[in-house]
Chemist: 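Shown below is the structure under consideration.
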Amino acid sequence: VSPNDELWKPPDAEALSKFTDRWVKLRVTAQGITSLPELQRDGWDESRLRALCARHGWEFSWMTEDGERRKRASERWDLLHVSADAVRPMEADAILPDGVSELDAA
């Protein structure tokens with residue numbers, strides 16, 4: 001419906017007043033945050049990392065190549081207790097996947 005349309009009629013004063021009151025109320029509530037925003041630094045310096053670890057009970061250590069190598073070297077990999085079934089290859093599956101015809105498989 002547009003003003004040039006024969007079905008269009010201007011809103012009455014009461015409807016216009018309700019609309020403007022609602023618009024003003026919504027406009028006031030849509031202004032956004034009125035308090036000061038809380039800013040956080042971009043970088044994670046050592047003091048912030050140590051505080052985070054302390055808060056959660058984590059051990060702090062830098063992830064260096066040498067440190068990771070020492071950590072991995074201290075882990076114990078006991079391959080003697082691995083069962084034979086875990087390292088044996090699985091048998092081949094003879095069933096064709098969905099959507100593959102006998103002609104495609106040949």
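Every heavy atom of this structure was used, including side-chain atoms; hydrogens, water molecules and symmetry mates were not.
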Chemist: Can you tell me how far apart CG (L26) and CG (D21) are? Round to the nearest 0.5 Å.
Modeler: 11.0 Å

Chemist: Measure the spacing between SG of C53 and CD of E46 and express it to the nearest 0.5 Å.
Modeler: 10.0 Å

Chemist: Quick one: are F60 and L52 in side-chain contact, heavy atoms under 4.5 Å?
Modeler: no

Chemist: Indicate yes or no for a side-chain donor-acceptor contact from T20 to the backbone of L16 under 3.5 Å, with no hydrogens or angles considered.
Modeler: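 The answer is yes, because a donor-acceptor pair under 3.5 Å joins these two groups.
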
